[in-house]
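A note on names: the letters A, B, ... follow the listed sequences, proteins ahead of strands, and every chain is numbered from 1. Note that this is a predicted model, so its numbers are computed, not measured. The figures that follow rest on heavy atoms only: side chains count, while hydrogens, waters and symmetry mates do not.
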Amino acid sequence: MNIFRLFGDLSHLAAIAILLLKIWKTRSCAGVSGKTQLLFAVCFITRYIDLFLHFVSLYNTEKVMKLIYISASVFTCYLIFFKFKATYDGNHDSMRAEFLIVPAAGLACLINTKFDAIEILWTFSIYLEAVAILPQLFLISKTGEAETITSHYLFAQGSYRALYILNWIYRYHYESHVDTIAIVAGVVQTILYCDFFYLYITKVVKGQKIVLPA
Amino acid sequence: DCRKQTKDEL
(Lines give C-alpha, C1' and ligand atoms only; values in the text may rest on other atoms or scores of the structure.)
Protein backbone atom coordinates (compact mmCIF):
# COMPACT_ATOMS: atom_id res chain seq x y z
CA MET A 1 0.00 0.00 0.00
CA ASN A 2 1.33 3.45 -0.89
CA ILE A 3 0.13 6.96 -0.20
CA PHE A 4 -1.42 7.35 -3.66
CA ARG A 5 -3.50 4.19 -3.40
CA LEU A 6 -4.49 5.10 0.18
CA PHE A 7 -5.75 8.53 -0.85
CA GLY A 8 -7.28 7.05 -3.98
CA ASP A 9 -9.38 4.63 -1.95
CA LEU A 10 -10.26 7.37 0.56
CA SER A 11 -11.33 9.64 -2.32
CA HIS A 12 -13.45 6.82 -3.70
CA LEU A 13 -15.07 6.26 -0.29
CA ALA A 14 -15.66 10.01 -0.01
CA ALA A 15 -17.37 10.09 -3.41
CA ILE A 16 -19.72 7.27 -2.42
CA ALA A 17 -20.45 8.96 0.92
CA ILE A 18 -21.03 12.41 -0.64
CA LEU A 19 -23.54 10.99 -3.11
CA LEU A 20 -25.36 8.97 -0.44
CA LEU A 21 -25.54 12.04 1.83
CA LYS A 22 -26.77 14.27 -1.00
CA ILE A 23 -29.58 11.91 -1.89
CA TRP A 24 -30.46 11.14 1.73
CA LYS A 25 -30.36 14.75 3.02
CA THR A 26 -32.13 16.39 0.06
CA ARG A 27 -34.39 13.32 -0.30
CA SER A 28 -33.88 13.77 -4.01
CA CYS A 29 -31.69 12.25 -6.73
CA ALA A 30 -32.19 15.12 -9.16
CA GLY A 31 -29.10 15.58 -11.30
CA VAL A 32 -27.84 12.07 -10.51
CA SER A 33 -27.62 9.45 -13.25
CA GLY A 34 -29.18 6.21 -12.04
CA LYS A 35 -27.54 4.38 -14.94
CA THR A 36 -24.05 5.39 -13.82
CA GLN A 37 -24.82 4.13 -10.31
CA LEU A 38 -26.14 0.86 -11.71
CA LEU A 39 -22.98 0.46 -13.80
CA PHE A 40 -20.80 1.11 -10.74
CA ALA A 41 -22.78 -1.51 -8.77
CA VAL A 42 -22.20 -4.00 -11.62
CA CYS A 43 -18.49 -3.12 -11.58
CA PHE A 44 -18.16 -3.82 -7.86
CA ILE A 45 -20.13 -7.07 -7.96
CA THR A 46 -18.21 -8.47 -10.96
CA ARG A 47 -14.88 -7.30 -9.56
CA TYR A 48 -15.37 -8.61 -6.02
CA ILE A 49 -17.15 -11.81 -6.99
CA ASP A 50 -14.55 -13.73 -4.98
CA LEU A 51 -16.26 -12.40 -1.84
CA PHE A 52 -19.29 -14.50 -2.72
CA LEU A 53 -17.44 -17.57 -3.98
CA HIS A 54 -14.94 -18.53 -1.30
CA PHE A 55 -15.92 -16.25 1.56
CA VAL A 56 -12.67 -16.31 3.50
CA SER A 57 -13.66 -15.43 7.04
CA LEU A 58 -10.42 -13.58 7.73
CA TYR A 59 -11.57 -10.02 8.04
CA ASN A 60 -8.99 -7.64 6.69
CA THR A 61 -9.58 -4.06 5.64
CA GLU A 62 -9.65 -5.05 1.97
CA LYS A 63 -12.60 -7.41 2.49
CA VAL A 64 -14.40 -4.80 4.57
CA MET A 65 -13.80 -2.13 1.91
CA LYS A 66 -15.15 -4.42 -0.81
CA LEU A 67 -18.27 -5.12 1.26
CA ILE A 68 -18.71 -1.37 1.87
CA TYR A 69 -18.39 -0.57 -1.84
CA ILE A 70 -20.88 -3.23 -2.88
CA SER A 71 -23.48 -2.47 -0.20
CA ALA A 72 -23.17 1.32 -0.58
CA SER A 73 -23.58 1.20 -4.36
CA VAL A 74 -26.52 -1.19 -4.16
CA PHE A 75 -28.11 1.01 -1.48
CA THR A 76 -27.57 4.09 -3.68
CA CYS A 77 -29.36 2.33 -6.56
CA TYR A 78 -32.18 1.41 -4.16
CA LEU A 79 -32.55 5.09 -3.16
CA ILE A 80 -32.58 6.24 -6.79
CA PHE A 81 -34.86 3.60 -8.32
CA PHE A 82 -37.15 2.88 -5.40
CA LYS A 83 -37.18 5.20 -2.41
CA PHE A 84 -36.80 8.52 -4.24
CA LYS A 85 -37.93 7.27 -7.64
CA ALA A 86 -40.24 10.26 -8.04
CA THR A 87 -37.23 12.60 -8.14
CA TYR A 88 -35.28 10.50 -10.63
CA ASP A 89 -34.68 12.46 -13.82
CA GLY A 90 -35.34 9.58 -16.23
CA ASN A 91 -35.75 11.58 -19.40
CA HIS A 92 -32.37 13.28 -19.05
CA ASP A 93 -30.66 10.07 -17.96
CA SER A 94 -31.05 8.77 -21.48
CA MET A 95 -27.64 7.46 -22.52
CA ARG A 96 -28.05 3.83 -23.64
CA ALA A 97 -26.15 1.79 -21.00
CA GLU A 98 -26.11 -1.18 -23.38
CA PHE A 99 -23.72 0.79 -25.59
CA LEU A 100 -21.27 0.68 -22.70
CA ILE A 101 -21.92 -2.79 -21.30
CA VAL A 102 -21.78 -4.77 -24.56
CA PRO A 103 -18.44 -3.36 -25.84
CA ALA A 104 -16.90 -3.74 -22.37
CA ALA A 105 -18.01 -7.39 -22.24
CA GLY A 106 -16.81 -8.03 -25.80
CA LEU A 107 -13.45 -6.40 -25.19
CA ALA A 108 -13.04 -8.34 -21.93
CA CYS A 109 -13.38 -11.57 -23.90
CA LEU A 110 -10.81 -10.41 -26.46
CA ILE A 111 -8.21 -8.63 -24.36
CA ASN A 112 -7.50 -10.21 -20.99
CA THR A 113 -4.58 -11.78 -19.14
CA LYS A 114 -6.21 -15.22 -18.73
CA PHE A 115 -9.28 -16.67 -20.38
CA ASP A 116 -11.13 -17.86 -17.31
CA ALA A 117 -14.42 -16.74 -15.79
CA ILE A 118 -13.08 -14.78 -12.79
CA GLU A 119 -10.42 -13.04 -14.90
CA ILE A 120 -12.92 -12.14 -17.65
CA LEU A 121 -15.35 -10.76 -15.05
CA TRP A 122 -12.56 -8.73 -13.47
CA THR A 123 -11.47 -7.39 -16.89
CA PHE A 124 -15.09 -6.58 -17.81
CA SER A 125 -15.40 -4.68 -14.52
CA ILE A 126 -12.24 -2.68 -15.27
CA TYR A 127 -13.39 -1.76 -18.79
CA LEU A 128 -16.91 -0.92 -17.63
CA GLU A 129 -15.66 1.28 -14.81
CA ALA A 130 -13.66 3.31 -17.33
CA VAL A 131 -16.86 4.40 -19.12
CA ALA A 132 -19.42 4.09 -16.31
CA ILE A 133 -19.36 7.85 -15.59
CA LEU A 134 -20.48 8.70 -19.14
CA PRO A 135 -24.24 8.61 -18.44
CA GLN A 136 -23.66 11.01 -15.53
CA LEU A 137 -21.61 13.42 -17.66
CA PHE A 138 -24.20 13.04 -20.42
CA LEU A 139 -27.01 13.92 -18.00
CA ILE A 140 -25.15 17.07 -16.86
CA SER A 141 -24.63 18.11 -20.49
CA LYS A 142 -28.36 17.62 -21.12
CA THR A 143 -29.54 19.52 -18.05
CA GLY A 144 -26.79 22.11 -18.63
CA GLU A 145 -25.86 22.34 -14.95
CA ALA A 146 -24.65 20.37 -11.93
CA GLU A 147 -25.51 20.97 -8.27
CA THR A 148 -22.43 21.94 -6.28
CA ILE A 149 -22.64 18.81 -4.13
CA THR A 150 -22.85 16.67 -7.29
CA SER A 151 -19.73 18.45 -8.58
CA HIS A 152 -17.90 17.51 -5.38
CA TYR A 153 -19.03 13.93 -5.88
CA LEU A 154 -17.69 13.92 -9.44
CA PHE A 155 -14.41 15.52 -8.36
CA ALA A 156 -13.86 12.85 -5.70
CA GLN A 157 -14.89 10.09 -8.10
CA GLY A 158 -12.53 11.36 -10.82
CA SER A 159 -9.64 11.94 -8.40
CA TYR A 160 -9.77 8.36 -7.14
CA ARG A 161 -8.63 6.85 -10.44
CA ALA A 162 -6.24 9.75 -11.12
CA LEU A 163 -4.55 8.91 -7.80
CA TYR A 164 -4.49 5.26 -8.83
CA ILE A 165 -2.46 6.26 -11.89
CA LEU A 166 0.12 7.79 -9.55
CA ASN A 167 -0.04 4.56 -7.54
CA TRP A 168 0.69 2.52 -10.67
CA ILE A 169 3.65 4.76 -11.56
CA TYR A 170 4.94 4.32 -8.00
CA ARG A 171 4.49 0.54 -8.11
CA TYR A 172 6.10 0.28 -11.53
CA HIS A 173 9.11 2.19 -10.29
CA TYR A 174 9.54 0.59 -6.85
CA GLU A 175 7.89 -2.82 -7.16
CA SER A 176 8.13 -3.36 -10.94
CA HIS A 177 4.46 -4.27 -10.68
CA VAL A 178 2.47 -3.43 -13.79
CA ASP A 179 -1.06 -4.30 -14.85
CA THR A 180 -1.45 -2.91 -18.36
CA ILE A 181 -5.19 -3.50 -18.60
CA ALA A 182 -5.94 -1.60 -15.40
CA ILE A 183 -3.53 1.19 -16.33
CA VAL A 184 -4.89 1.77 -19.86
CA ALA A 185 -8.49 1.68 -18.63
CA GLY A 186 -7.61 3.95 -15.72
CA VAL A 187 -6.01 6.51 -18.02
CA VAL A 188 -9.06 6.47 -20.34
CA GLN A 189 -11.33 6.84 -17.29
CA THR A 190 -9.40 9.84 -15.99
CA ILE A 191 -9.24 11.51 -19.40
CA LEU A 192 -13.06 11.45 -19.52
CA TYR A 193 -13.08 13.71 -16.44
CA CYS A 194 -10.66 16.27 -17.86
CA ASP A 195 -13.15 18.87 -19.03
CA PHE A 196 -15.15 18.42 -15.84
CA PHE A 197 -11.96 18.89 -13.78
CA TYR A 198 -11.33 22.10 -15.70
CA LEU A 199 -14.86 23.38 -14.96
CA TYR A 200 -14.57 22.28 -11.33
CA ILE A 201 -11.25 24.03 -10.75
CA THR A 202 -12.20 27.22 -12.57
CA LYS A 203 -15.75 27.47 -11.20
CA VAL A 204 -16.72 25.41 -8.19
CA VAL A 205 -13.53 26.25 -6.31
CA LYS A 206 -14.49 29.92 -6.67
CA GLY A 207 -17.93 29.20 -5.28
CA GLN A 208 -19.72 29.36 -8.62
CA LYS A 209 -22.03 26.68 -9.90
CA ILE A 210 -21.20 24.66 -13.01
CA VAL A 211 -23.50 25.80 -15.80
CA LEU A 212 -22.72 24.41 -19.25
CA PRO A 213 -23.39 26.49 -22.34
CA ALA A 214 -26.74 25.00 -23.39
CA ASP B 1 7.60 -12.33 -17.22
CA CYS B 2 6.44 -14.66 -14.49
CA ARG B 3 5.31 -11.98 -12.04
CA LYS B 4 2.32 -13.36 -10.20
CA GLN B 5 -0.87 -11.77 -11.36
CA THR B 6 -2.15 -10.60 -8.01
CA LYS B 7 -5.38 -8.69 -7.72
CA ASP B 8 -4.33 -6.80 -4.65
CA GLU B 9 -5.99 -3.53 -5.61
CA LEU B 10 -9.61 -2.54 -5.08
Side-chain angles (χ1 to χ4, degrees), chain A residues 1-2 4-13 15-16 40 43-44 46-51 60-70 72-73 112-114 116 118-119 121-123 125-126 129 160-161 163-168 170-172 175-183 185-186, chain B:
Chain A
M1 175 62 91
N2 57 64
F4 303 112
R5 187 145 69 101
L6 176 67
F7 280 95
D9 291 334
L10 290 176
S11 177
H12 198 186
L13 266 182
I16 292 170
F40 279 142
C43 285
F44 290 135
T46 50
R47 191 175 305 181
Y48 305 143
I49 197 94
D50 57 308
L51 279 182
N60 57 21
T61 37
E62 194 183 307
K63 297 258 179 306
V64 174
M65 287 282 276
K66 290 177 176 181
L67 284 170
I68 291 172
Y69 283 166
I70 290 176
S73 62
N112 52 60
T113 38
K114 230 180 347 178
D116 77 35
I118 300 282
E119 191 64 31
L121 279 175
W122 179 84
T123 311
S125 145
I126 290 287
E129 184 187 0
Y160 131 71
R161 216 59 181 172
L163 286 162
Y164 255 72
I165 292 173
L166 299 179
N167 151 66
W168 289 320
Y170 176 94
R171 294 191 77 180
Y172 175 75
E175 303 165 19
S176 72
H177 169 286
V178 67
D179 186 341
T180 319
I181 285 177
I183 292 171
Chain B
D1 56 343
C2 61
R3 67 178 162 67
K4 54 189 170 64
Q5 178 67 27
T6 54
K7 294 280 179 290
D8 62 350
E9 293 180 346
L10 287 176

A/Phe44 portion near chain B, given a 4.5 angstrom heavy-atom threshold: neither
Nearest-0.5 Å distance that lies between atom CD in A/Glu175 and atom CG in B/Asp8: 8.0 Å
Pairwise side-chain contact, A/His12 with B/Leu10, heavy-atom cut-off 4.5 Å (strictly under): no
Among A/Met65, A/Arg5, A/Lys66, residue most engaged with chain B (heavy-atom pairs, under 4.5 Å): A/Arg5
Close side-chain approach of B/Lys7 to A/Asp50, heavy-atom, < 4.5 Å: no
B/Glu9 side chain reached by A/Asn167 side chain, heavy atoms, under 4.5 Å: yes
